[in-house]
Protein chains: 2
Amino acid sequence: MTTLKDIARLAGVSTATVSRIINGKGEAGLDTIRKVNKIVAEMGYKPNTVAKTLSRRESSLIALLIPNLNNPFFSELVGEIERAANQHGFQIYLCNSEDDREKVEYYLETMADNYVMGAIINSLFVTVEDLRWLESRGISTITIDRTQLAHPYSAVAVDHVHGGYIAAKEVIGERHHQRLVFLSGPANEKSSEDRYAGYLKAVKEADAVNLGQLFGNFDITSGYQACYDFLQDGTIIDGIVSSNDAMALGAIRACQDLQRQVPKDIRIIGYDNTSYGAYSIPRLSTINQFKKKSSDIIIEELIRVHQHNQKAKKYQMEPELITRETT
Amino acid sequence: MTTLKDIARLAGVSTATVSRIINGKGEAGLDTIRKVNKIVAEMGYKPNTVAKTLSRRESSLIALLIPNLNNPFFSELVGEIERAANQHGFQIYLCNSEDDREKVEYYLETMADNYVMGAIINSLFVTVEDLRWLESRGISTITIDRTQLAHPYSAVAVDHVHGGYIAAKEVIGERHHQRLVFLSGPANEKSSEDRYAGYLKAVKEADAVNLGQLFGNFDITSGYQACYDFLQDGTIIDGIVSSNDAMALGAIRACQDLQRQVPKDIRIIGYDNTSYGAYSIPRLSTINQFKKKSSDIIIEELIRVHQHNQKAKKYQMEPELITRETT
DNA sequence: GCGTATTCAGAAATCGATTGCAAGTTTTAT
DNA sequence: ATAAAACTTGCAATCGATTTCTGAATACGC
């Protein structure tokens, strides 16, 4: 492999000069620049990433900490973030926490070890102290959605209160005295609680009855279980507002198994707008979260804060109702 | 941060000695070992990953090249591989190629740049030359499934011919003169073609009629489209054998939209055993691929070949039929 | 023409490890 | 007791960049 040294030797200058020219830093004579650039091009020289990382104490990786990949919301998000990061010359360091504090700690450490430029955090098990620790290691952070944190760093979140509100309104429609349940994520999960707050507001406004929350962990099996257990004894309800699509899909299946028709007997709405909901039977109504747009914002925010040393911002995305067949 | 130098100074020995002790390499006096270890523990010293990578020209990353994350087969696989890699102290460098040759090239380069220890390859756009190039850069490779390559490196694959065979047999059952179509992945996709071969064998044995292949790209939308277009004009078929679960789910939805009952009019089987198929309406019969076991094998094979310099092996996994409601 | 400001470019330290070589010390064999 | 073998350990080079400091060369003002 060609190294900086080789280029320097061939151009008859020092490595310092070559480095400066390549990075467009500081000064250099016009003809020196031309000569060096020519040789760089001829040799197809590319700086060694690892050496660069070591000496700058910063890599071109962005850490992405998520609880799992089974939930299509996350897998789709990872894809979008990867794309957005790529456009700015960054790669993804995937950290799959499985909602396990030990794995979270492991990954926080390896993020620092690898001098990642920034970290995108989505985990129930990351504390404000963790974010501070990352900051102390020169790592910018941004939390996305589904976190329960109040912190001074960057954040992108959908307006979940509003999302829960429009979801519940869609399920209720013009009807009166509707009996509803809220299919929630893990207890203490902030975004889920926000949606629940919006749901409660809609319930109140519409003179409906809230039969409480069912708790799941965002995956399809947990949604199925929670609904099946709840409906098994014949409890009559009119609608289910779910905290995500996967659990809603599980809920549909549970209704089917218990001979409740969707949407005739029970109307159901999901949250996230993942591709599986678009082709389920019946097609799932849901709330869209603009994953693509959020991803661009996330990456740009990280770069903005890190490179230009500007202060962190909070972003709020407006959720959007997508009506399909389950409501 | 504590560095090797600090430890060396505190222990009153050279960095060389500390390095040797930490890595269990070569020789060291028993009391020196004890002393150094004590100080290492006291200071909570952890070697700098990047420096180590630079000097050893090998990192603790394993590259994972996949076409996308939308297909749950991949997202579930990524999760399993990540888990398996972690157990051996490796992390994942996620390379999402989007089946785009340019992105593949980009990632092959960055793999080398980052001195990844090994690469797990699943892409239609990687050539044998690419694998050779990786080898020349000291990167062990293993291809998984869905590749069209004959190469001398490691590989894990399900016996897709057999998988296609048992899938088709399940759809056909004991019936005669069945009219079937095969819902395929992209043309030239080896594993899909293998399954097709197995399918053809079963068709022949059972005296059934093959109406040909429909092509998709493994995502749910493409499965829906392909089936919808094919069935729209009233063509009568008895069964669909799909190359993956996502497309099968799309196919179910297409049948529903065209008033064909599943499994009464048309029986459908998927492939991969992803979680969405377990809760669809009707529940999807499928072929299981042992993602977890494969993931362990993949990581262990990479380590075996790389660290112990042993020759590459090929692994064949036997597929397993999972009967649910669509057949 | 001379002092000063500005450019340009190199030497050398640094980032934080690993490792080949050689020297010094201890063991073992005879 | 002594030569040879086997351990321990340190020096210094290396991995491949970045960056501070400094000196030389050039430009500029008057």
Side-chain angles (χ1 to χ4, degrees), chain A residues 1-37 39-40 43-61 89 109-110 112-117 137-138 307, chain B residues 1-37 39-40 43-61 89 109-110 112-117 137-138 307:
Chain A
M1 285 289 86
T2 350
T3 69
L4 237 212
K5 233 183 201 159
D6 298 329
I7 303 294
R9 188 165 28 71
L10 289 171
V13 297
S14 75
T15 60
T17 302
V18 177
S19 174
R20 281 188 210 109
I21 291 176
I22 285 173
N23 294 297
K25 290 237 180 89
E27 321 75 19
L30 219 66
D31 32 355
T32 317
I33 293 181
R34 255 195 293 275
K35 186 167 54 178
V36 168
N37 279 335
I39 295 181
V40 164
M43 304 295 294
Y45 168 74
K46 232 166 38 66
N48 180 299
T49 308
V50 177
K52 193 168 186 155
T53 299
L54 178 59
S55 99
R56 312 226 356 252
R57 260 146 297 161
E58 177 181 323
S59 78
S60 62
L61 290 175
E109 292 227 342
T110 57
D113 284 354
N114 286 291
Y115 294 125
V116 302
M117 167 269 190
R137 305 295 295 260
Q307 290 182 354
Chain B
M1 285 287 85
T2 345
T3 70
L4 238 211
K5 232 182 201 159
D6 298 331
I7 304 293
R9 188 165 28 74
L10 290 170
V13 298
S14 75
T15 62
T17 302
V18 178
S19 174
R20 283 190 205 103
I21 291 175
I22 285 175
N23 293 297
K25 291 239 180 85
E27 321 74 19
L30 219 65
D31 31 357
T32 316
I33 293 183
R34 253 194 294 276
K35 184 166 54 175
V36 168
N37 280 337
I39 295 181
V40 164
M43 305 293 296
Y45 168 74
K46 231 167 38 68
N48 180 299
T49 308
V50 177
K52 192 167 188 156
T53 299
L54 178 59
S55 99
R56 315 227 353 254
R57 260 144 299 159
E58 178 180 323
S59 78
S60 62
L61 290 174
E109 292 226 343
T110 56
D113 284 355
N114 286 290
Y115 293 124
V116 302
M117 167 269 190
R137 305 296 294 263
Q307 291 182 355

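Keep in mind that the numbers below use all heavy atoms, side chains included, and drop hydrogens, waters and symmetry copies.
A/Lys46 meets the side-chain hydrogen bond (donor to acceptor under 3.5 Å, both in side chains) test with B/Asp113; sequence neighbours excluded. Take A/Thr2 and apply the side chain to side chain contact (heavy atoms under 4.5 Å, CB included) test, not counting sequence neighbours, and it matches A/Asp6, A/Ile7, A/Met43, A/Tyr45. With sequence neighbours left out, B/Thr110 forms a side-chain hydrogen bond (donor to acceptor under 3.5 Å, both in side chains) with B/Tyr93. For the side-chain hydrogen bond (donor to acceptor under 3.5 Å, both in side chains) test, no residue two or more places apart in sequence or in another chain qualifies with B/Thr53. For B/Thr15, the side-chain hydrogen bond (donor to acceptor under 3.5 Å, both in side chains) test picks out no residue, with sequence neighbours left out. Taking B/Ser19 as the reference, B/Leu4, B/Asn23 meet the side chain to side chain contact (heavy atoms under 4.5 Å, CB included) condition, with sequence neighbours excluded.
Scanning all heavy atoms of the two residues, the minimum distance from B/Ser60 to B/Gly89 falls at CB-O, 3.8 Å.
The closest side-chain heavy-atom distance from B/Arg20 to B/Thr17 is below 4.5 Å.
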* **Per-nucleotide protein contact string for nucleotides 7-20 of chain C, where B marks a base within reach and S marks sugar-phosphate only (heavy atoms under 4.0 Å, - for neither)** => -BBBB---BBBBBB
Check the interface with nucleotides 26-28 of chain C: list each N/O to N/O pair with the protein under 3.5 Å, or write none.
none

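For the helix from C/dG1-D/dC30 to C/dT30-D/dA1, the axis fitted to the five pairs at one end and the axis fitted to the five pairs at the other end meet at an angle of 30° (nearest 10 degrees).
Judged purely by atom type and a 3.5 angstrom limit, B/Ser59 uses its side chain to pair as donor or acceptor with the backbone of B/Tyr115. Without hydrogens or angle criteria, B/Arg56 side chain to B/Leu54 main chain gives no donor-acceptor distance under 3.5 Å.
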